[in-house]
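Report on the structure given below.
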Amino acid sequence: MKGKWRDTLNLPKTEFPMRANLPKREPNLLQWWQEQKIYEKMLAKHRQDPPFILHDGPPYSNGHLHLGHAVNKVLKDLLVKYKALQGHYTPFVPGWDNHGMPIERAVVHQDPEFAEIRHDHEKLRDPQVRIRIREKCRAFAQHWVEIQRKEFVRLGVFGDWEKPYLTMSPEFEGGEIEIFADLVEQGYVYRGRMPIHWCPSCRTALAMIEVEYYEKESPSLFFWVPVRDTKGVIDPDVWLVVWTTTPWTLIANRAFAFHPDYDYVVAEVESAQGEHRKVLLAERLLPVVAEIVGWTSYRKLRRIPGRQLEGLTFAHPIFEDRTSPAILADFVTLTEGTGVVHIAPGHGKEDFEIGRKYGLEVFSPVDEAGRFTAEAGPEFQGLFVGKEGSEKAVEVLKRHGHFLHRETLRHTYPHCWRCKSPLIFRATTQWFLSVDHQNLRHRALKAIESVRWHPPETINRIYNSVKERPDWVLSRQRAWGVNIPVFYCEDCGEPLVDPRVMRHVAQIFKQETADAWYRRPVQDLLPPDTRCPHCGGTRFRREDDILDVWFDSGATNLIVLREENGLRWPSDVYLEGSDQHRGWFNSSLMLAMAERGQPPYRAVITHGWTLDEQGRAMHKSLGNVISPQEVIDRYGADVLRLWVTSSDYTEDIRLGPEILARMVDSYRKIRNTYRFMLGNLYDFDPARHRVPYDRMKPLDRFLLHQYSQLLADLERFYENFEFHRVFHRYFNFVVVDLSAFYLDVVKDRLYTWAPDTPERRSAQTVIYELLRGLLVAFAPVLSFTTEEAWQLLPGDHPESVFLADWPRPEASWHNETLAREFQRLLEVREVALRALETARKDQKLIQDRLEAELLLETQDPDLAALLDRYAADLPEFFVVSGVRRVADLPAETPVVEAGENLRVGVQRKAGQKCARCWMWHEAVGQHPEYPDLCPKCIRAVESLRHED
RNA sequence: GGGCCUAUAGCUCAGUCGGUCAGAGCGCGCGCCUGAUAAGCGCGAGGUCGGUGGUUCGACUCCACCUAGGCCCA
């Protein structure tokens with residue numbers, strides 16, 4: 001029998017479904033948010049509140065979003081929504097990074113129109129070709145912006161999706177030129193030479209991603225050169241032993257590098273021919289080198305720390321009239337060679353950088369086709385570098401008595417992605433930003449200390465990367481980017497580097513995009529009266545180089561965060577992956593410091609990488625890649641958001657099947673709790689039924705205390721950016737305090753008491769108050785689900801959860817005395833539950849807890865008093881049919897469990913089971929009219945009757 | 001090879017200054033309920049705190065090294 005009294009109960013009712021079916025439901029909510037303009041209303045609501053600006057780091061527009069993008073944007077959204085609900089004006093303008101090599105490469109590679117360019121790089125210099133490439137790149141970028149926009153929106157991220165910033169927009173491209181002009185004006189920009197990867201066969205510079213590494217055979221050459229200036233450190237008859245795999249670069253040798261911390265040794269060696277000679281090299285490598293070059297014996301004469309060799313000079317290996325100094329460098333290793341490194345600043349990256357430090361000449365006598373120029377001297381001019389040049393170099397070494405030993409070596413070597421031929425380093429003229437001009441580096445380092453870095457230890461990464469970064473190479477020899485606004489005089493060849501001219505160009509770009517650089521004739525790009533400051537010439541050609549894409553993204557703060565966009569500079573927060581310390585955090589800082597003398601952010605939050613469940617990076621080859629789309633399609637964006645929130649993003653975070661399964665479980669638990677709470681508010685109108693605090697039951701007041709503690713913790717965790725703690729704290733409250741305790745305990749009151757009794761309304765008031773606050777406090781996380789539940793919340797409330805106010809507990813809810821009492825009662829409850837479990841399992845005394853009566857024995861007078869004070873509420877509290885405190889438990893009590901100062905016994909409750917509330921009561925059967933009901937239920941049923 | 005960082009139960013996370021700190025929730029096992037029901041409740045079993053050595057009366061907590069993993073750089 002389904003219970004004849006069932007209809008007299010107040011069972012929960014709600015339209016909030018248990019099954020979420022988020023993949024179907026979420027799109028409807030998205031549409032509703034859009035139609036109702038909830039994001040706009042949220043901004044409008046906080047128009048007068050203090051702004052909170054999170055400046056979005058622009059993702060690159062060349063493919064679908066991956067999990068890392070999703071994590072990043074969800075974290076941002078979480079923070080922005082929290083700040084909005086807390087009462088901030090929070091415009092979020094998303095952006096995209098559009099220019100650069102990957103898109104240009106994809107376009108040139110895929111589009112048949114550019115088939116020729118792939119092999120003939122010269123064609124790239126044709127303005128018409130450049131325009132075509134840029135058009136295709138622009139379309140390509142726009143295509144992916146649209147797709148990514150949809151994917152971000154689907155995640156539930158709020159923002160100005162209709163007017164994002166794009167680095168390829170005309171305003172942006174023009175704005176970038178203005179910044180460049182400022183930097184020129186202040187003297188930050190200079191022209192210099194530096195070696196870059198160069199393909200002699202394609203006659204072009206290569207970007208890093210165009211370089212492919214394969215095995216190659218190279219000469220492994222040992223040579224020696226006599227000391228010239230001993231500085232009194234070594235004898236004048238000592239020869240320095242050096243190793244190289246690129247003999248042709250010896251022509252450009254400008255120094256020999258030693259490691260400051262390694263020990264070097266002067267040794268007397270004997271060759272196979274019986275010749276004796278004093279040599280200098282790293283002590284640890286002496287035996288290795290002796291073996292390789294065939295010294296039959298060696299005798300160490302003196303050990304010298306590398307540090308003491310700085311400043312000595314040695315004969316140049318190729319040119320007899322030159323010498324090369326000894327310098328110190330940390331990159332010298334003892335894994336191969338002699339511990340002495342041949343330095344050619346024009347032909348190696350490290351060589352270049354150490355060369356800058358020592359003021360060495362960037363000598364690179366090689367033309368575009370990889371042939372030595374006249375600068376290399378008559379003997380080398382016209383020879384191809386590589387094999388031909390190396391053979392010649394060896395010949396010269398031999399002639400000068402510098403040759404020692406030669407063999408071949410297989411190693412990985414950079415090759416051209418296009419023609420697969422080996423690359424060389426060749427010095428080219430580039431534009432630089434001086435990092436030390438106007439003390440920029442120093443000022444940036446100071447400024448770093450004033451920024452809030454989260455987690456705090458990340459300050460080390462940004463600090464080191466700024467401290468050690470070389471001058472910024474601003475120029476790239478590519479097509480898809482913002483042109484460097486420089487011209488060259490056709491008469492004298494001098495560059496025209498004029499801020500006034502640049503600002504003129506900027507205005508044009510702002511109207512027509514940077515494509516105007518090639519669409520217009522040169523004269524149209526210049527102010528009418530422009531003359532060459534060197535020779536007065538009036539005819540110019542344009543620079544073909546474009547700006548590094550890091551200049552684009554580094555400038556976003558200056559271009560986007562403007563008052564006229566409703567934003568503010570500097571931003572409050574940057575939030576990106578940990579790779580951006582060397583990237584965006586760095587480039588943004590440098591440009592902001594140079595332009596405005598302040599960092600562009602007040603706080604910088606860094607998150608880790610997304611790994612699989614075993615902690616390995618996700619790779620196609622490992623088959624462990626999970627895309628955000630598949631998570632959303634299968635489980636919904638809220639589950640993804642919950643996962644992001646639950647993970648400690650300051651470290652690398654993991655995702656896999658089990659983690660996902662756990663998140664789905666957690667989601668269901670939260671959802672069902674919302675549902676149960678909503679269900680029990682079906683007849684509750686807060687305006688009419690709310691029970692004032694001082695008339696609530698103590699248990700209900702205790703819950704408000706717990707809730708106020710929860711809110712304080714959540715707020716603290718949000719403010720500290722510790723979102724995973726928000727999740728754990730919230731989830732624990734839902735599971736432990738609500739589902740397993742309060743909501744379970746209070747069911748009897750909600751279901752069986754007459755609907756309008758103060759006891760029932762008191763519980764409903766608490767449930768209403770908690771649910772309302774819980775929804776708002778978790779709206780940043782479960783944006784869809786909280787909104788869905790919010791719509792079903794009774795009483796007056798804003799139309800969207802995002803238009804609500806952050807929950808503020810009443811001061812009176814905080815009640816330590818009450819909390820202590822209930823904490824003690826909860827301890828008693830634990831013992832009681834164990835006793836009930838024993839009674840059920842071992843003794844088979846009861847099955848249902850409602851069949852039991854608890855007997856509590858304590859010698860602790862305080863506890864005794866406490867139990868007596870709450871005697872009337874204890875059956876509800878333990879969900880049993882009776883509770884009695886006894887001085888001594890009867891010896892025959894079958895089940896006893898002991899706690900601190902406490903023993904709990906269990907026995908069957910006397911009387912009969914009430915057919916309505918299922919509690920056992922002695923009085924059941926005594927009422928003539930209601931023989932199967934207990935007194936409480938009789939009262940309830942009677943009162944219902946009177947209402948009819 | 002260098003810089004920065006991580007390593008606590010199957011999972012996600014707590015563990016302030018070294019001494020009841022080895023914890024929580026989930027999952028799992030067993031059971032109850034059938035008036036949150038593709039739900040709810042209870043009890044229980046799970047960890048030599050990545051490894052090795054050291055400092056200390058005592059270390060998950062300090063130091064060194066190793067291993068595994070991540071990001072950046074070379």
Side-chain angles (χ1 to χ4, degrees), chain A residues 2-3 5-14 16 18-19 330-336 349-350 353 455 457-465 467-469 577-583 586 606-617 642-643 645-648 650-666 668-669 671-680 722 724-725 727-736 739-741 743-745 747-748 750-752 829-830 832-842 846-851 879 916-918:
Chain A
K2 216 39 180 155
W5 298 107
R6 200 171 193 277
D7 294 341
T8 69
L9 295 171
N10 319 301
L11 295 178
K13 303 187 206 7
T14 177
F16 191 76
M18 178 178 278
R19 304 222 345 144
D330 289 333
F331 58 78
V332 175
T333 65
L334 297 180
T335 48
E336 52 195 353
K349 198 162 160 50
E350 286 179 324
E353 272 156 28
E457 56 271 19
T458 56
I459 193 175
N460 295 325
R461 286 187 72 153
I462 183 75
Y463 197 91
N464 288 338
S465 74
K467 193 167 144 211
E468 282 155 23
R469 71 162 297 158
S578 57
D579 54 333
Q580 297 303 333
H581 288 106
R582 192 163 286 269
N586 195 315
T606 314
H607 63 255
W609 239 236
T610 305
L611 312 175
D612 73 6
E613 255 169 16
Q614 281 70 46
R616 297 168 311 180
L642 196 62
W643 163 69
T645 309
S646 75
S647 308
D648 179 2
T650 63
E651 297 170 18
D652 293 333
I653 64 178
R654 302 178 179 205
L655 186 62
E658 168 157 13
I659 295 172
L660 223 31
R662 291 295 78 75
M663 291 332 298
V664 171
D665 290 338
S666 303
R668 283 209 195 100
K669 183 69 186 187
R671 184 177 180 90
N672 268 322
T673 305
Y674 291 164
R675 179 175 130 93
F676 183 72
M677 293 172 90
L678 282 172
N680 282 293
E722 296 174 307
H724 67 288
R725 291 192 156 186
F727 166 80
H728 280 282
R729 183 68 175 88
Y730 189 95
F731 189 62
N732 247 289
F733 183 81
V734 167
V735 170
V736 179
S739 185
F741 173 53
L743 296 178
D744 197 42
V745 155
K747 272 181 205 166
D748 181 71
L750 290 167
Y751 294 176
T752 69
R829 190 169 187 263
E830 274 185 46
L833 287 174
R834 258 187 285 134
L836 288 165
E837 187 66 17
T838 308
R840 168 160 50 212
K841 218 169 209 162
D842 298 350
I846 56 167
Q847 280 194 297
D848 189 344
R849 287 194 317 206
L850 286 177
E851 293 164 19
V879 197
R916 183 165 174 276
C917 73
W918 297 345

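A note on names: the letters A, B, ... follow the listed sequences, proteins ahead of strands, and every chain is numbered from 1. These numbers come from the heavy atoms of this one structure, side chains and all, not from hydrogens, waters or symmetry mates.
Within 4.0 Å (heavy atoms only), A:Gly615 reaches sugar-phosphate atoms of the nucleic acid but no base atom. Using a 4.0 Å heavy-atom criterion, one finds that A:Arg675 contacts the sugar-phosphate atoms exclusively. Here A:Arg19 lies in heavy-atom contact (under 4.0 Å) with a base. Counting any heavy atom pair closer than 4.0 Å across all strands shown, A:His724 reaches sugar-phosphate atoms only and no base atom. Residue A:Ser646 is in sugar-phosphate contact alone, with no base atom involved, counting any heavy-atom pair closer than 4.0 Å across all strands shown. When heavy atoms are screened at a 4.0 angstrom cut-off, A:Arg729 is found touching no nucleic acid atom at all. Residue A:Val879 is out of contact with every strand shown, counting any heavy-atom pair closer than 4.0 Å. Nucleic acid contact class of A:Leu833 (heavy atoms, under 4.0 Å, all strands): sugar-phosphate only. A:Ser739 comes within 4.0 angstrom of a nucleotide base, judged by non-hydrogen atoms across all strands. Within 4.0 Å of A:Arg834, counting heavy atoms only, lie sugar-phosphate atoms of the nucleic acid but no base atom. Note on A:Asn672: a base of the nucleic acid sits closer than 4.0 angstrom, heavy atoms only.
The same atom, C1', is picked in B:G10 and in B:C28; the two are 8 Å apart, to the nearest Å. Comparing B:U8 with B:U61, their P atoms are spaced 13 Å from each other, to the whole Å. Distance check on atom C1': B:C49 versus B:A24 gives 16 Å, rounded to whole Å. B:C33 and B:A39: their C1' atoms are spaced 11 Å apart (whole Å).
Counting only heavy atoms from C-beta on, A:Leu611 has its side chain closest to B:G69 among B:U12, B:G69, B:G40. Nearest to the side-chain atoms of A:Trp918 among the listed nucleotides B:G35, B:G42, B:C33 stands B:G35. Closest contact between the side chain of A:Asp648 and the listed nucleotides B:C26, B:C13, B:C33 involves B:C13. Nearest to the side-chain atoms of A:Asp579 among the listed nucleotides B:G42, B:C72, B:A38 stands B:C72. The side chain of A:Glu350 lies closest to B:A74 when the candidates are B:G15, B:A74, B:A7. Here the nucleotide nearest the side chain of A:Ser578, chosen from B:G31, B:A39, B:C71, is B:C71. Nearest to the side-chain atoms of A:Glu658 among the listed nucleotides B:A36, B:G10, B:G25 stands B:G10. The listed nucleotides are B:G3, B:C33, B:G42; the one nearest the side chain of A:Glu837 is B:G42. When distances run from any side-chain atom of A:Lys747 to the nucleotides B:G35, B:G40, B:A14, the shortest one goes to B:G40. Nearest nucleotide to the side chain of A:Arg840, out of B:C32, B:A36, B:A24: B:C32.
Look at B:G42: its Watson-Crick or wobble partner, with both distances under 3.5 angstrom, is B:C30. A 3.5 Å limit on both hydrogen-bonding distances identifies no Watson-Crick or G-U partner for B:C21.
One can place CZ of A:Arg725 at 17 Å from P of B:G25, the figure rounded to the nearest angstrom. Distance A:Arg469 CZ to B:G2 P: 24 Å, rounded to the nearest Å. Computed from coordinates, the A:Gln614 CD to B:U12 C1' distance equals 15 Å when rounded to whole Å. A straight line from CG of A:Asp848 to P of B:C32 spans 11 Å, rounded to a whole angstrom.
Residue A:Tyr751 places at least one side-chain N or O under 4.0 Å from the OP1 or OP2 atom of B:A36. Phosphate contact (OP1/OP2 of B:G31, side-chain N/O of A:Gln847, threshold under 4.0 Å): absent. Residue A:Asn460 places at least one side-chain N or O under 4.0 Å from the OP1 or OP2 atom of B:C5. When the side-chain nitrogen and oxygen atoms of A:Trp609 are compared with OP1 and OP2 of B:G70, none of them lie within a distance under 4.0 Å. Remark: A:Lys669 is not in phosphate contact with B:A39, judged by side-chain N or O atoms under 4.0 Å from OP1 or OP2.
Both cation-pi conditions hold for A:Arg671 and A:Phe16: the charged atom is under 6.0 angstrom from the six-membered ring centre and inside a 45 degree cone around its axis.
For A:Lys841 and B:C32, a side-chain-to-base donor-acceptor distance below 3.5 Å is absent, hydrogens and geometry of angles not being considered. In the interface, the side chain of A:Arg849 is not paired with the base of B:C32 through any donor and acceptor atom under 3.5 Å apart.
The pair A:Arg840-A:Glu837 meets the salt-bridge criterion, since a charged nitrogen lies less than 4.0 angstrom from a carboxylate oxygen. Salt-bridge annotation for A:Glu658 and A:Arg662: present, with a side-chain N of the basic residue lying under 4.0 Å from a carboxylate O of the acidic one. A salt bridge does not link A:Arg582 with A:Asp579: none of the charged nitrogens is closer than 4.0 Å to a carboxylate oxygen.
Take the nearest nucleotide of RNA chain B for A:Glu613 and for A:Arg829: the residue whose nucleotide is more 5' is A:Glu613. In terms of position on RNA chain B, the residue among A:Pro12 and A:Arg616 whose nearest nucleotide sits closer to the 5' end is A:Pro12.
By the 30° and 60° cut-offs, the orientation of the rings of A:Phe727 relative to A:Phe731 is parallel.
Around the NZ atom of A:Lys467, the shell of radius 6.0 Å holds no more than 12 heavy atoms that belong to other residues, nucleotides or ligands.
Stacking between A:Phe676 and B:A39 is absent: the ring centroid is not both under 5.5 Å from the six-membered base ring centre and under 30° in plane angle.
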